[in-house]
Structures are given as C-alpha cells and as structure tokens.
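Okay, structure first, notes after.
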Amino acid sequence: MYKTEAYRITVDKEDLDIKATLECGQFFRYEKNDDVYTVKSGGNICRVYASGDYSVIDTAQVDYFVNFFNLDRDMLRAKRTLSRFPELKDALDSCGALRILHQPLFETIISFIISAQNNIPRIKGIINRLCGLCDDVFPTPEQIVSLTVRRLDGIGCGYRSQYIYDTACICAETDILNRLYAASTVDAQKMLKSLPGVGQKIADCVALFSLGRLEVFPVDTWMIKTQRIGMETEMQLRTRVMDRYGELAGLAQQFLFYYNAILRGNKA
C-alpha cells in the first residue's frame, strides 16, 4: 500500500524494497549517499529512503514516480504466485519487494545498448555524461542525432557510439517508439531487434523494464551460470523458464539476478 501527499509518496516496506529495486540491474540513473538514493528519470528527480516501516519517495513529480515505481502492482500477490516454485524460495526470501520499474522507452533502449559488454559503474558513468550534454536530462532522439559519433566516443561509449547514433536516427525519423507501445510482445521484440545494437537480451530488457511485458526473461551471463540445464542454448533456457513462470517470468528473472549476481556475487 502507498499514500501520496503534495511532495511525498509513502510506501509500506513490504511493498517496496528500495535497495533490491534500484540495484538489481534494471536501472542506472541513481546515486546513493549514505542510505538515501537520488533517482533521475527523463527530466524527473526524487529522493528515496527508508523511514521506520516505510519507504519514502520525496519528489515534486508525485504522479510520475507512482507510475515509475509501478506502485499500483500488487507485489505481495506476485510474490505469492512465484512462491509456488521451490527453486525461487531463497531469492524471494532474500530480495523483499523487488519491483519492476516502468521506465521511459527511448531512455531504456539507449541505456541497455550502453550496457552491452559493460559493468554497472561504467554504464552509470556513460549515462551520466550523456545526460550532462543535455542539462542533466536524458536526451531525446533528436538531441542525440544533433551530436556526432565522435562526441559519443568522447564520453566513453566506445563501439556502441555508432549503434546509439543510428538507433537515435531511426527513432527520430520514424514512429517506431509509438508502434512499440501498441505492438504485441513478439512484434515489439522484432521491432526492437531491428535497431542497431539490439539483440534478444536487450530487446527482452526493454520489453520488461519499459513496456511492462513481464512474460519475458532476459538471459545474461548470470542466468546461464545459475539457471542453465545441461547444454541448453540461451534460447532454449529462455523458452523453458518463460513457459515455467508464465506471466511473471520477468519478475522471477530479476529476483534470481539480484540474489545470484548482487547478494551472492558480492560475497563470492
């Protein structure tokens, strides 16, 4: 449950685990100082922190962040559904109310192109520098088109610079972003994979973290390491777990990723 005030959203802790939600690899535009997270999305900003039995979101854009944190989704019910699967028990017990965020579409596409073959600190740094070129707001497709590939190289995008530029050109010159919202999951992923630098994993991430398609299951190194059976290919693994977890496959993936890569990985 949550309640809203003029400049604040207060959420029961059992409905929003701040650390798990922000540090599970689905989102990169945040900074943590002591126990306070500063979150930026598009041109919006909030401060998120724990206070007693609540998670508190301080912001002037209350409606935006109710939507961004997906606060109308019943997390307790979702976790009860996933608790039917015994192999998820440790992850569910360890990760609290991890929420799938609802992020801006173009920002998510570019962020996950940047994430390819990269680590979270470097991803965050590149995205921060990209936003720094546009008054600390994530750039529109048109703003990226106005930059040169060399300018993108200069902020550390590396081989991804051409992908970012070419994808921005397509998004600026066509109606692909509008069509993605209306498309079925299968068709949306086909469109996403037509963009330079976007393969199956990035298409799954965008579908999950922006379009709200919880039935997809992004397969990364950690999923191959911890979920693979025998000599399964990535696509065989993806198909098997999507069949098993159904409409909550993407949420299961995030619990598994956070548990294995962040909680257990940091202790390894």
Side-chain angles (χ1 to χ4, degrees), residues 1-2 11-28 30 39 41 48 55 57 65-105 108 111-112 115 120 180-181 184-186 188-189 192 200-228 234-235 237-265:
M1 296 291 292
Y2 70 92
V11 190
D12 291 346
K13 272 190 176 179
E14 64 182 8
D15 286 319
L16 174 60
D17 185 317
I18 299 169
K19 181 178 175 65
T21 298
L22 294 177
E23 296 187 20
C24 66
Q26 64 175 317
F27 177 68
F28 307 106
Y30 70 88
V39 172
S41 176
V48 191
S55 297
I57 305 165
F65 283 105
V66 166
N67 180 62
F68 177 82
F69 282 101
N70 240 329
L71 294 180
D72 289 318
R73 178 175 293 280
D74 187 339
M75 277 303 303
L76 293 178
R77 181 178 179 182
K79 286 189 70 174
R80 282 196 299 270
T81 300
L82 289 176
S83 69
R84 298 180 316 192
F85 304 101
E87 69 274 17
L88 297 179
K89 183 180 187 306
D90 289 343
L92 292 171
D93 289 346
S94 301
C95 300
L98 187 162
R99 288 186 167 273
I100 301 294
L101 300 174
H102 185 202
Q103 302 178 50
L105 180 53
T108 309
S111 295
F112 278 91
S115 77
I120 289 178
L180 281 166
Y181 284 115
S184 69
T185 299
V186 171
Q189 291 190 311
L192 285 165
Q200 185 66 61
K201 186 227 172 182
I202 293 176
D204 281 341
C205 288
V206 174
L208 179 58
F209 304 138
S210 180
L211 299 176
R213 311 302 172 85
L214 264 68
E215 69 270 26
V216 302
F217 190 100
V219 176
D220 63 2
T221 301
W222 281 98
M223 293 303 98
I224 294 170
K225 182 178 179 179
T226 62
Q227 305 305 309
R228 187 182 189 187
E234 292 184 22
M235 289 304 293
L237 188 163
R238 178 179 180 272
T239 299
R240 175 176 58 80
V241 294
M242 285 175 62
D243 287 344
R244 180 159 176 78
Y245 302 130
E247 64 182 11
L248 293 178
L251 183 59
Q253 193 270 358
Q254 282 295 276
F255 277 108
L256 289 167
F257 178 85
Y258 185 71
Y259 177 66
N260 287 293
I262 307 300
L263 297 181
R264 297 180 67 194

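Numbering of residues begins at 1 and proceeds along the displayed sequence.
Two residues are said to be in side-chain contact when any heavy atoms from C-beta on lie closer than 4.5 Å; Tyr258 and Leu263 meet this criterion. Taking 4.5 Å as the limit, some side-chain heavy atom of Leu105 sits within range of a side-chain heavy atom of Leu180. In this structure the side chain of Leu101 never reaches within 4.5 angstrom of the side chain of Phe209, judged on heavy atoms. Two residues are said to be in side-chain contact when any heavy atoms from C-beta on lie closer than 4.5 Å; Leu88 and Tyr259 fail this criterion.
Between Gln26 and Gln103, the closest heavy-atom pair is O-NE2, 2.7 Å. Of all non-hydrogen atoms in Leu192 and Ala203, the two that sit nearest each other are CD1-O, 3.6 Å. In terms of heavy-atom proximity, Leu98 sits nearest to Leu251 at O-CD1, 3.6 Å. In plain terms, the two heavy atoms of Ser94 and Asp90 that are nearest each other are OG-O, 2.8 Å. Looking at every heavy atom in both residues, Ala97 comes nearest to Glu14 through CB-O, 3.2 Å.
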Can you check side-chain contact (heavy atoms from CB on, under 4.5 Å) on Phe69 and Leu22, steps first, answer last?
CA-CA 10 Å; Phe69 282 101; Leu22 294 177; 4.1 Å; yes
Set out, in order, the CA-CA distance, both residues' side-chain angles and the distance that settles side-chain contact (heavy atoms from CB on, under 4.5 Å) for Val48 and Tyr30, then state yes or no.
CA-CA 10 Å; Val48 191; Tyr30 70 88; over 6 Å; no
Report the C-alpha distance between Gln189 and Gln200 in whole Å, list the side-chain angles of each, state the deciding distance to 0.1 Å, and finish with yes or no for side-chain contact (heavy atoms from CB on, under 4.5 Å).
CA-CA 8 Å; Gln189 291 190 311; Gln200 185 66 61; 3.7 Å; yes
Show your reasoning for whether side-chain contact (heavy atoms from CB on, under 4.5 Å) applies to Gln254 and Thr21.
CA-CA 9 Å; Gln254 282 295 276; Thr21 298; over 6 Å; no
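Residue pairs meeting the side chain to side chain donor-acceptor pair (under 3.5 Å) criterion with at least one member in residues 72-86, sequence neighbours excluded, are Tyr2-Asp72.
Not a single side chain to side chain donor-acceptor pair (under 3.5 Å) links Ser55 to another residue, sequence neighbours left out. Scored by the side chain to side chain donor-acceptor pair (under 3.5 Å) test, Asp220 finds no partners at all (sequence neighbours excluded).
No close placement of the Phe255 and Phe85 rings is indicated, their centers lying 6.0 Å or farther apart. Ring centers of Phe112 and Phe28: under 6.0 Å apart, within the cut-off.
A distance-only check finds no donor-acceptor pair linking the side chain of Thr108 to the backbone of Val206 [under 3.5 Å]. With hydrogens and angles disregarded, no donor-acceptor distance shorter than 3.5 Å links the side chain of Asp204 to the backbone of Val216.
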